[in-house]
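Presented below is the structure to which this report refers.
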There are 2 protein chains.
Amino acid sequence: MARKQQEKSKQTKEELMRSAGDLFGQKGFMATTVAEITAHAGYSKGSFYRHWVSKDKLFMEIIENKLKEYRSSRDERLDKAGSLEEVMHIIWDFLEIIVRDENWAKVFLEFTVYASRIPELRNDLSLSQYRLSEKVFAELVRDFVETGYPPEKLGAFNTVLFEGYMVQSALGTGIVDLKDIREAALTVALANGLKKVQ
Amino acid sequence: MARKQQEKSKQTKEELMRSAGDLFGQKGFMATTVAEITAHAGYSKGSFYRHWVSKDKLFMEIIENKLKEYRSSRDERLDKAGSLEEVMHIIWDFLEIIVRDENWAKVFLEFTVYASRIPELRNDLSLSQYRLSEKVFAELVRDFVETGYPPEKLGAFNTVLFEGYMVQSALGTGIVDLKDIREAALTVALANGLKKVQ
DNA sequence: CGACTAAATGACCGATGGTCATTTAGTGAC
DNA sequence: GTCACTAAATGACCATCGGTCATTTAGTCG
């Protein structure tokens with residue numbers, strides 16, 4: 001039934017993904033070599049390309065996995081949210097998880113910038129929703145905006161704050177902390193999105 | 001007097017810098033090859049390394065030149081500034097110049113992220129002041145802050161906004177415009193830095 | 001002109017992402 | 001058990017990159 005072979009292949013793929021995950025986190029995307037990934041998992045270089053067509057695609061698959069679980073738990077909470085403020089807190093709890101993992105926040109940024117030069121990859125990335133795109137954000141927030149303020153703009157502004165913080169965090173000049181950013185985001189959201197703010 | 005040789009060497013260097021500047025702006029830092037830079041200027045690859053020890057150092061020199069003139073005009077205006085609001089406007093006029101040149105804003109970001117993995121380069125970059133670091137910013141703002149609010153934090157928050165916008169701009173998802181960002185920066189600065197805000 | 005030096009060249013190096021013919025090892029019919 | 005078949009794994013190989021360096025070309029000056 002060829003069961004054993006399939007399982008072995010699957011296992012190999014998982015081992016390679018773990019190895020790659022470790023190395024990307026430590027050294028970054030560019031600096032991690034395909035040969036290192038396979039060697040670290042105990043395979044030869046050629047094995048890699050039986051599972052992915054490129055280093056890029058492997059990375060895409062890793063981040064997809066990495067964020068899938070977070071998203072689901074976020075979306076569960078969002079279903080129960082009753083106000084703009086609640087939604088904002090859920091969203092920033094979610095973002096906080098990403099930022100807290102400093103190594104990966106840095107790698108995300110590295111890959112995003114890298115991908116922005118490669119049309120196909122850039123497209124994949126925007127489809128993958130790994131970035132909190134302004135569109136996604138706008139949908140999350142739309143139902144709770146009482147004023148005429150465009151939810152897209154609210155989303156985009158949050159993304160700016162978030163990614164700006166990612167850059168700061170990646171460069172290691174940590175003067176603002178996430179709490180400050182979160183507060184600023186909340187203030188702006190409530191001021192623009194609600195009719196009455198006390 | 002060897003005058004002619006020196007001038008030729010200087011001219012060659014300038015030609016290479018122009019060539020590099022064009023190509024970096026079009027294709028980015030990584031995607032631009034040393035061989036391309038020299039070929040585009042009509043020289044051979046080896047010539048490059050008579051003028052710079054690496055592609056990195058050439059880039060450093062280009063951005064240094066690119067920003068020197070901007071900084072001087074900014075600093076002139078800052079000498080005459082009389083309020084926090086004025087300082088903020090001058091700073092954001094300065095940042096606007098950077099962001100307006102979309103190609104270069106993108107390359108700056110690319111290089112910053114790239115350099116963050118290379119300790120020596122990262123150090124050079126922070127010394128070069130090409131980034132509006134929170135320290136530089138704090139100095140500009142310090143004299144006008146009336147409250148106990150730390151100028152460093154004000155600076156850092158501005159940098160977050162600015163670099164977040166750079167990322168958005170680099171990825172080409174332009175929903176927030178610079179005016180929104182500038183307004184937000186001003187609001188936060190005045191709210192935290194002044195005792196009375198009308 | 002001849003000795004010296006600076007500018008320019010391009011073959012070369014090691015490392016990288018990616019390819020592919022070859023080897024190794026399960027699988028299933030008989 | 002054995003044979004044909006197929007999937008997994010290998011590593012030599014390729015083009016390209018940043019960077020090096022011995023060699024060539026061409027000003028400089030006594």
Side-chain angles (χ1 to χ4, degrees), chain A residues 1-20 23-24 26-62 107 110-111 114-115 117-121 124, chain B residues 1-20 23-24 26-62 107 110-111 114-115 117-121 124:
Chain A
M1 255 210 213
R3 178 59 52 98
K4 220 170 174 180
Q5 281 188 336
Q6 284 175 38
E7 263 169 33
K8 173 56 184 146
S9 177
K10 194 183 156 197
Q11 187 198 322
T12 300
K13 186 175 178 181
E14 276 164 12
E15 283 170 19
L16 288 175
M17 278 188 80
R18 250 195 305 279
S19 171
L23 293 169
F24 284 149
Q26 285 167 36
K27 313 176 47 177
F29 175 74
M30 303 279 196
T32 298
T33 286
V34 173
E36 281 174 342
I37 294 170
T38 53
H40 186 252
Y43 293 92
S44 71
K45 192 174 162 186
S47 283
F48 184 94
Y49 293 93
R50 284 194 64 79
H51 300 283
W52 299 277
V53 299
S54 67
K55 203 172 89 166
D56 296 347
K57 295 291 185 186
L58 160 66
F59 191 85
M60 290 293 301
E61 196 172 332
I62 290 179
V107 179
E110 180 191 359
F111 190 77
Y114 161 74
R117 294 281 186 193
I118 301 158
E120 196 217 327
L121 198 57
D124 285 0
Chain B
M1 257 211 210
R3 177 62 49 99
K4 219 169 173 181
Q5 281 188 338
Q6 283 176 38
E7 263 169 32
K8 173 56 185 145
S9 178
K10 196 183 155 198
Q11 187 199 321
T12 300
K13 187 175 177 181
E14 277 163 11
E15 284 170 17
L16 289 175
M17 279 189 79
R18 249 195 305 280
S19 171
L23 293 169
F24 284 149
Q26 285 167 35
K27 312 176 48 176
F29 175 76
M30 302 280 196
T32 299
T33 287
V34 174
E36 281 173 343
I37 294 171
T38 52
H40 186 250
Y43 294 92
S44 72
K45 192 175 163 186
S47 283
F48 183 94
Y49 293 93
R50 284 194 65 78
H51 301 282
W52 299 277
V53 299
S54 66
K55 203 173 90 168
D56 296 348
K57 295 290 184 188
L58 159 66
F59 191 86
M60 290 294 300
E61 196 171 331
I62 289 178
V107 178
E110 180 191 1
F111 190 76
Y114 161 75
R117 294 281 186 191
I118 302 159
E120 196 218 325
L121 197 58
D124 284 1

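Letters go in sequence order (proteins before strands), and every chain restarts at 1. Worth saying up front: this structure is predicted, and the values here are computed from it rather than measured.
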Salt bridge (Lys or Arg N to Asp or Glu O under 4.0 Å) with Arg117(B): which residues, sequence neighbours excluded?
-> Glu110(A)
Not counting sequence neighbours, which residues clear salt bridge (Lys or Arg N to Asp or Glu O under 4.0 Å) with Lys13(A)? List them please.
-> Glu61(A)
Report the C-alpha separation of Leu121(A) and Met60(A) in whole Å, then their side-chain angles, then the decisive distance to 0.1 Å, and conclude whether the side-chain contact (heavy atoms from CB on, under 4.5 Å) test is met.
-> CA-CA 9 Å; Leu121(A) 198 57; Met60(A) 290 293 301; 4.2 Å; yes
When rounded to the nearest 0.5 Å, the distance separating CZ of Phe59(B) from CG of Asp124(B) is 13.0 Å
Residues in salt bridge (Lys or Arg N to Asp or Glu O under 4.0 Å) contact with Glu36(B), at least two apart in sequence or another chain | Lys27(B)
Rounded to whole angstroms, how far apart are NZ on Lys13(B) and C1' on dA6(C)?
-> 16 Å
Gln11(B) atom CD is separated from dA8(C) atom C1', nearest whole Å, by 14 Å
Got more than 12 heavy atoms from elsewhere within 6.0 Å of NZ, Lys10(A)?
-> no
What residues 28-45 of chain B contributes to the DNA chain D interface at heavy-atom separation below 4.0 Å is Thr32(B), Thr33(B), Val34(B), Lys45(B)
Selection: residues 47-60 of chain B, any non-hydrogen atom under 4.0 Å of DNA chain D | Tyr49(B), Ser54(B), Lys55(B)
Sequence neighbours left out, what passes salt bridge (Lys or Arg N to Asp or Glu O under 4.0 Å) with Glu15(B)? Give chain and number order.
-> none
Do the ring planes of Phe111(B) and Phe29(B) sit parallel (below 30°), tilted (30 to 60°) or perpendicular (above 60°)?
-> perpendicular
Atom-to-atom span, NZ of Lys8(A) to P of dT27(C) - whole angstrom = 13 Å
